[in-house]
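Here is the structure we will look at.
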Amino acid sequence: LLPLAPRDYLILFVLAENAGHGHLLLRRLEAASGGLPFDPANLYRSLRRLEREELVEETDDEGRASIGPPRRCYRLTKLGRIVLAAEADRLAKLTDSARARRLIPAPDKGR
Amino acid sequence: VVCLLHRLSYALYRVLLLAYPREFRERDGREAATLFAEACVESFAERRPAAALRRQLRACMDVPRGGLAERLRRSRAVDGGMNGGIAGLGGDLRHAARSLRRRPALGAGIVATLAVAIGVNTAMFSVVDTFLLRPSPYRDADRLVVVRARDGEPDRLRDPTIGELQGWMPAMTSFERVEARRWRSVIVTGADHAARERVLEVTPGYLSTLGLLPIAGRLIQPADARPGAPPVAVLSERTWRRLFGGRDVIGRTIGVDGETHTIVGVCPEIVSDTPGLRFAVVAPLPSGPEALDAAARGIAWLRPGVTLPAARAELRSVVAAFDQPGQTVTAELALPDNVFWNVREFRDPQLALTAGVLVLLLIAAVNVTMLLLARGESRRTELAVRRALGASRRQLARLLAIESILLALAGGVLGLFVALFLTRVVASLDPGSAQLQTRLEIVRLNGIAYVFGLALALATGALVGLLPALRASRASEDGLRRAADGRTPSRRRSSRVFVGLQVGLCMVLLVAATLVGRSFLDARLADRGFDADRIFVLQIALPRDTYPTVDRRDAFFRNVLARAARLPGVTGATLGYGAAPPTDILMRGAVQLGGATRPDEWLPVGFVRPGYFDLMGIPLVEGRGFAARDIGGQTAGSSTPVVLSRSLADSFWPGGPAVGQVFDLEDRRGTRRFHVIGIASDTMGRGDLLNIGCAACRWQLYAPLPAERQYTEVILRLADGAPPPIAALQAAIRDVDPGVPVDDELGTAADRLVSATRRQEFNSLLFGAFALLAISLAAEGLFAMVFQSVAERTREMGIRLALGARPAEVRRLVLRQGLLPALAGVCAGGLAATALARTMTSFLYGTDPLDAGAYAASAALLLTVSLAAASVPAWRASHVRPIDVIRAD
């Protein structure tokens, strides 16, 4: 499964903090990617794929809104968490090697 | 505003989502659209709402791309898995093969139909390609022009003399190269026996410029053409094989009209720019000063980029500079005749045949469509079950398409075998004309035709396969329900239209075939006007070198005639020239009839001896035949006695007496006067066979045979039923002089007439074959249609029978169903045929294109075949046992 596509990594990353439904995910993805808007359909497409790869699963809507249609919530599976960790580790090593060759300056806070 | 924006963006997003597969839309579409709409609304709350909104819009441009990716992924995923009992491509193929095996008859029918259609089509394409699309086998043939000359008169083109060519050509800048050639008939000796052949005399560069390479030895070289050089000859491949059996001949000698030539090489067959001539021997054109007045045809290659009009203009100005007082010679450039397109007598039937083949292909396509539709129809239940089990429409369509492409491929491969066979058959046919023969012999199935056939098979498969696939794949739960019901929806109307169409096309072909066949029979069975079966003709050409004088020729012929008359079974013998119909000697010129002038007449002429009319069995209607005093003794300016055929006399002097009349014929050689001494009844002429303006087709002029002819026909009258004494006659002639060539083609006048009808035979054979194929295809289609509808209505028939219908009534019902479209097709086809037949008049030798008999016979035949095709299913329908139907329910 590794390396993860950047978008999948981001999705797993925001889901790792907290399970959430589409709207929440979209907001957090936007924030995590530095303000770039995310296309909802593609989000769902990615979620479906991650679901098939058993990295993500659907859960009951916990923070259910009082009005509006029911929304599906997603959270990381155990496998998803392991894959995310492995990917983060891989990225960290990449960043380290880049730093060792002085491609990026100071040892700062990773992402 | 917020609400409006929400709705708008939601709607926009839903539209964009159409790029995604339906399944995705149903599951996540609404949520995704809601999210998008909310994001849009929220962007209002930001500091720069417009920019935020723009960013959102840019984001949603990703939707179509994602949708496409999703569709692709799904199709891959679906193909990989077992879904509805259908696996991937390999599985599809296996499946298709299995389902074809399960219904071998239907599959075999489709394959056979396609094979025949594609085979015939490919073969025809090869022939058309050889005759029409490939005008010349020679190098740079598209730049090749013929130089001819004329003396003042506008219509009399002649070949320029060698001297003229030598004068004009150096000044020409339009020509890259100029060669000259002429041909003449000669007697070739040196092989096993003397033979009459044509020799082609050429300038040294002629053969190599045409692109010919020697098969053995060398071609003619400039040194061979110098005055005083030893005479050499190059044999054509055909002659080499025929006269010398393909042995090593380089260095041997042959006699060409008595002159000894050394054979230096063998070259491929030369197809002349004069259609239909074969050349046995190629020799250098004499180049000495004595040859300057001999005429030879100039063959020039235009420089690349020079147009024909430009070259024409230059030639005209160059030639004008050579003008001498009182004599105007102009030159003309023509395209060589061997662009076979010009051969009208062949082109028209060929085009008609091509049209016939296309009609056949159309019928076959309609047939295959019907068979495939019937297949799809009969599998509706199976497909509905598959659909219900989860196979997608696409998968079902693909399965069916693969099946039909498989069938088409099988048909295509088989069709190419058919084409190979047919091409060989066509190449071996005798079209009754040397010029066609030379071309037919080079007809080969070419690669383009091969690919054409295969592509045709696949295209037919894909196209024809698509329709049933689309129909069948639409099978839904509805179809399943109906399938479970034991009933299938009927599409009888469209198949009825197909059958009608087919029968109609068939009718057109059949009428054409009947007309051509009838004209062929007409030509064969027509009254020949003389005792054709008892007249035997032998053509003799005397070598010029051994028979230089009239006396010697006379002695030879007297001797031969005396021996021939003594042969068993021979009751009479005479000499003639062009005297045995069909004659091919024509006099052309302006005819002066008293006051009236006919500017351009073609008069077939036969030169005969006294006693000719009695011997031939041609009755004299008026006047007398030739007597001994009419032969010879004509001095210049005196009048020649002639006998005219009835139709010619009627044309010259309608209603009036012809005997005793005088007329003049003026042609290039001057004016000659003729006086009519008798009228003979009409005989069948070449015109009857070729239909050259049929008013004149039985014109014949008989003139006395002068003594000094080099070519002469020996005409024998045989006793009733006696076999022609061919061997004895040949022996007799060899006995008199072994150096005289005896024509290989010996036969009675009837045989000669028959061989002149070979072309009709050729045409009617091909047309007949097409019509037969078309009929069998149409019968197959009709059978399939009626059979299918009976199968569909088994239940109905059972109920009818159970309710008391008599089997005969059921039979009639089914028959009517099959025959009505056939009848409609016959009527429509007959109408179409009347329109088309008018275009066929040029090769319907004297047969009316609207001949009612042909139409009636075609219609009767088609209806009979239709009846037969429909009666099998009808019989089956009337034998449905009601109990089976009820049990099946």
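Labels below follow one simple rule: chain letters A, B, ... track the order of the sequence lines, proteins then strands, and each chain is numbered from 1. No hydrogens, no waters, no symmetry mates; every other heavy atom, side chains included, goes into these values.
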**Request:** Could you tell me which portion of B/R27 (side chain, backbone, both or neither) has an atom closer than 4.5 angstrom to a non-hydrogen atom of chain A?
**Result:**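 The answer is both parts of B/R27.
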**Message:** So for B/F24, is it side chain, backbone, both, or neither that comes closer than 4.5 Å to the heavy atoms of chain A?
**Reply:**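 The side chain, not the backbone.
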**Prompt:** In terms of ring plane angle, is the pair A/Y74 and A/Y44 parallel, tilted or perpendicular, where the classes change at 30° and 60°?
**Reply:**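 The arrangement is perpendicular - the two ring planes meet at more than 60°.
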**Request:** Please flag which part of A/R48 lies under 4.5 Å from any non-hydrogen atom of chain B: side chain, backbone, both or neither.
**Result:**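 Answer is side chain: those atoms of A/R48 sit under 4.5 Å from chain B.
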**Asked** Side-chain contact, heavy-atom cut-off 4.5 Å: A/D8 with A/L50?
**Response**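 The answer is yes; the side chains approach within 4.5 Å.
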**Message:** What I'd like to find out is whether the side chain of A/R45 reaches to under 4.5 Å of the side chain of A/N42, using heavy atoms alone.
**Reply:**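 Touching, per the 4.5 Å side-chain cut-off.
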**Message:** Using a strict threshold of under 4.0 Å (side-chain N to carboxylate O), is an ion pair present between A/R99 and A/D96?
**Reply:**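 Salt bridge: yes.
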